[in-house]
Amino acid sequence: MTINSKIFTAAQVVISAIMMNAQTSTTKLPGDPTLVSSKATLEKLISYDKGNFKYKVEDYFAIPKASQFKISPDGKYLSYKEKDKDSKNHVFVKDLATGKVTKALVEKEDLIRSYGWLNKKRLFYTQDKSGNENLHLYAADIDGKNLKDLTPFDGVTIGLVQIIKDTDFVVVTMNKNNKQIFEPFKINFVTGEMTQLYENKDPKNPIDGYLFDKEGNLRGYTILENGLTTKTYYKNQQSGKFDLIKSTDWKDTFSIMRFNDNSKNKDEAYVVTNLDSDKSRIVLYDLKKNAVIKEVYSNPTFDVNSVSIAGKNRNYELDYISYNGIKNETIPVSSFYKEVDAQLKSEFGEKQFYVVSSDDNDSKLLVVVDSDKLYGKYYEYDTKSKKLKLLLDLMPQLKEEDMAEMRPIEFKSRDGLTIHGYITLPKAAVDGQKVPLIVNPHGGPQGIRDDWGFNPETQLFASRGYATLQVNFRISGGYGKEFQNSGYKQIGRKAMDDVEDGVKYAISQGWVDKDKIAIYGGSHGGYATLMGLIKTPDLYSCGVDYVGVSNIFTFFDSFPEYWKPYKEMVKQIWYDLDNPEEAKIAKEVSPVFQIDKIKKPLFVVQGANDPRVNINESDQIVKALRGKGFEVPYMVKYDEGHGFGKEANRLELYKYMLGFFAENFNK
């Protein structure tokens, strides 16, 4: 249960901080530093990436000179991140009347990944230590003064953050009192004064979601009972009692997005639900009567789960509905946004655009435009004059005419499911040549999917003449609950079949050299890389495992504390290790127990402080393979977590990866 506007979650930010090097120090470091490949070994890989290439790794993965533009609520200031010579991304604020620019937030060792406006005078940002995802919320004035850590607690992370407009308060949930569960606090973002709003009393059946209205009043919550049943409670405004209004299986969706403040009915809310349908849809719901008022929008093929609501100036009317279909789709609703949408479509044609920021009066909108061939451009749109002004081309060095096409694909799995995905095709493949292919399974795996748009990885690979295949295999989100549910307890099995069927489809289309296929992915994609090399050892030339699971048993044992209430769910998604039959399957699909089947070269990459996939997962597979005489280049960064956030580390990773692919494609 979340309110969409003004929210960010811990899962959105992966940052870093301990500046150590495994090649020079072996004390007090996570994992087994003796396993990490030397710098010289990894640098040697770069030499294999030979050719007269127009673009280099930096062109795709260097942080843009400026990014993340936002307009202040009063429309007087423009904030943005700007990179300095040391690749630190500080936040600056520009006075639009005078042109004066002030450095507001200074990025030091830890990355500032999320930031925004609290009101017209103060900014917020989030930060953790060493990629451990224990996020803190900070606030500072627009000149950088009066900096406060609003959640100054060690080992604690934040969840929901909701700004209460026209006040000095935010509502923040965090696991301050019990590391496994989150409780709400009202915090004065000027003084730092904090008040706990509600107590989460039962860790075995915890509250796992809170619903607040725009004034910051607690109006409802969800309880996760026995790890598998979601119970939704709503506050009766007369009695003050929280009444149970819905009890659902965890696989079903009944999610209160936000109240409909445009209505006189104070119990009316926008809800995402699939209780009586396969695809998630948006409905207006009377929470007091516990009944659907009307359907707002649904789609027969794709889940719909996002709305955009205007502010107080337009009485909180519904502006548009959006969802990920084959591409991102936006359905204008309000007359205001219909006019904006029509104007922007006339300007940008088939490109995607998103309104990412506006002032409270909607007089100026910041719009980001992208496509499969355009990284992104920021525009300012004046809603009164109807004029657009280009603010910044994020990656001007990448010319659209040189970028590769990302083509939506659809095929049937071996057991008859319709599978969607994308293939990025370099020009040679479009012209009829068979090219090397990199198969890129996504992370998650449940509820996540690959989307259409600019992907720096696939474009980098295309610059070397490689196609990239991204399959939204069963268990992926966005295609309805039946499709997602069909992948539960099929991780490493039928989910991998879908990936393999995608490869066969790509080969059948004449795009791919069947003797030059690699597999690469992060998180679950890293696990899928290992399973691909095991399950179909003759299909792939090599693989890159990036922060991937190698042992389902140790993966379960290493969950962060705030994941533990969801362990029963994870048993239904992956495998129930307490069930002997399923434990046997889990062992069969745990790569570390199947290393004798790995025949092709493997490159392993890990962030040492990863709280989701512990470094032990990568250490295990490297140690086991080397134990049988199989050499594995192993890259570890001790200032990273679940994925590399720092520019220098990302640049190294992709240079090594390109060399590794080139070495093995050219054998």
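Treat the numbers as computed from the prediction; the structure is a model and nothing was measured.
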Would you please test Arg493 and Glu588 for salt bridge (charged side-chain N to carboxylate O under 4.0 Å, His left out) and show each step? CA-CA 10 Å; Arg493 299 195 291 167; Glu588 291 170 354; over 6 Å; no
Derivation of the side-chain hydrogen bond (donor to acceptor under 3.5 Å, both in side chains) call for Trp250 and Glu568: CA-CA 10 Å; Trp250 72 273; Glu568 292 303 314; over 6 Å; no
The test is salt bridge (charged side-chain N to carboxylate O under 4.0 Å, His left out); show your working for Lys646 and Glu640 and say whether it passes. CA-CA 8 Å; Lys646 293 190 173 180; Glu640 297 284 10; over 6 Å; no
Taking it one step at a time, do Glu561 and Lys564 satisfy salt bridge (charged side-chain N to carboxylate O under 4.0 Å, His left out)? CA-CA 5 Å; Glu561 287 297 305; Lys564 289 182 179 177; 2.5 Å; yes
Please assess Asn178 against Asn200 for the test side-chain hydrogen bond (donor to acceptor under 3.5 Å, both in side chains), listing each intermediate value before the final yes or no. CA-CA 9 Å; Asn178 184 321; Asn200 203 346; over 6 Å; no
How far apart are the C-alpha atoms of Tyr634 and Asp619, what are their side-chain angles, what is the distance that settles it, and do they pass the side-chain hydrogen bond (donor to acceptor under 3.5 Å, both in side chains) test? CA-CA 9 Å; Tyr634 185 26; Asp619 279 2; 2.6 Å; yes
Would Glu405 and Arg407 count as a salt bridge (charged side-chain N to carboxylate O under 4.0 Å, His left out) here? Give the steps. CA-CA 6 Å; Glu405 174 191 359; Arg407 186 175 297 182; 3.0 Å; yes
Does the side-chain hydrogen bond (donor to acceptor under 3.5 Å, both in side chains) test come out yes or no for Thr554 and Glu617, once each step is laid out? CA-CA 7 Å; Thr554 54; Glu617 294 300 308; 2.6 Å; yes
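For the pairing with Tyr466, the ring-ring contact (aromatic ring centres under 6.0 Å, His included) check across Phe461, Trp511, Phe53, Phe665 returns one residue only, Phe665. Results of the ring-ring contact (aromatic ring centres under 6.0 Å, His included) test with His442 over Phe473, Tyr527, Tyr546 single out Phe473 as the only residue that passes.
Taking a 6.0 Å sphere around NZ of Lys88, one finds it holds more than 12 heavy atoms contributed by other residues, nucleotides or ligands. The local environment of NZ in Lys567 is crowded, with over 12 non-hydrogen atoms from other residues, nucleotides or ligands closer than 6.0 Å. Other residues, nucleotides and ligands place no more than 12 heavy atoms under 6.0 Å from the NZ atom of Lys44. Applying the 6.0 Å contact sphere to NZ of Lys667 captures more than 12 heavy atoms from other residues, nucleotides or ligands. Within 6.0 Å of the NZ atom in Lys600, the count of heavy atoms belonging to other residues, nucleotides or ligands exceeds 12. Around the CD atom of Glu482, the shell of radius 6.0 Å holds no more than 12 heavy atoms that belong to other residues, nucleotides or ligands. Other residues, nucleotides and ligands place more than 12 heavy atoms under 6.0 Å from the NZ atom of Lys628. Within a 6.0 Å radius of CG in Asp249, other residues, nucleotides and ligands contribute more than 12 heavy atoms.
Under the rule for a ring pair (Phe, Tyr, Trp, His ring centres under 6.0 Å), the partners of Tyr375 that lie at least two apart in sequence or sit in another chain are Phe454.
A salt bridge does not link Lys584 to Glu581: none of the charged side-chain nitrogens sits closer than 4.0 Å to a carboxylate oxygen. Under the 4.0 Å criterion applied to side-chain N and carboxylate O atoms, Lys655 and Asp49 are not assigned as salt-bridge partners. For the pair Lys571 and Asp578, the salt-bridge criterion is met [side-chain N within less than 4.0 Å of a carboxylate O]. Classification of Lys427 and Asp402 as a salt-bridged pair fails, no side-chain N sitting under 4.0 Å from a carboxylate O.
Closest approach of Phe661 and Cys542 over heavy atoms only: CD2-SG, 3.9 Å. In plain terms, the two heavy atoms of Asp149 and His136 that are nearest each other are OD2-ND1, 2.9 Å. Residues Val549 and Pro591 share a closest heavy-atom pair of O-CG, 4.3 Å. In plain terms, the two heavy atoms of Ile507 and Lys514 that are nearest each other are CD1-CB, 3.9 Å. The heavy-atom pair separating Asp498 from Val471 by the smallest distance is O-CG1, 3.9 Å. When all heavy atoms of Ile573 and Ile491 are compared, the pair lying nearest together is O-CD1, 3.6 Å.
When ring centroids are compared, Tyr60 and Tyr654 stay outside the 6.0 Å threshold. Taking the six-membered ring for Trp, Phe556 and Phe559 have ring centres closer than 6.0 Å.
The closest donor-acceptor contact from the side chain of Glu107 to the backbone of Ile112 lies under 3.5 Å. Remark: side-chain polar atoms of Arg449 are not paired, donor with acceptor, to backbone N or O of Gly478 under 3.5 angstrom. With hydrogens and angles disregarded, a donor-acceptor distance shorter than 3.5 Å links the side chain of Gln459 to the backbone of Asp372. The closest donor-acceptor contact from the side chain of Ser550 to the backbone of Val592 lies at 3.5 Å or more, if one exists at all. In terms of modelled atom types and a separation under 3.5 Å, the side chain of Gln620 and the main chain of Asn551 share no donor-acceptor contact. A donor-acceptor pair is defined here as one N or O able to donate and one able to accept, closer than 3.5 Å; no such pair exists between the side chain of Gln446 and the backbone of Gly477.
Looking at Ile475 and His524, their side chains never come closer than 4.5 Å, going by heavy atoms from C-beta outward. Between Arg626 and Glu631, some side-chain heavy-atom pair lies under the 4.5 Å cut-off.
Counted by atom type alone, Glu457 and Tyr520 present one or more donor-acceptor pairs between their side chains at under 3.5 Å.
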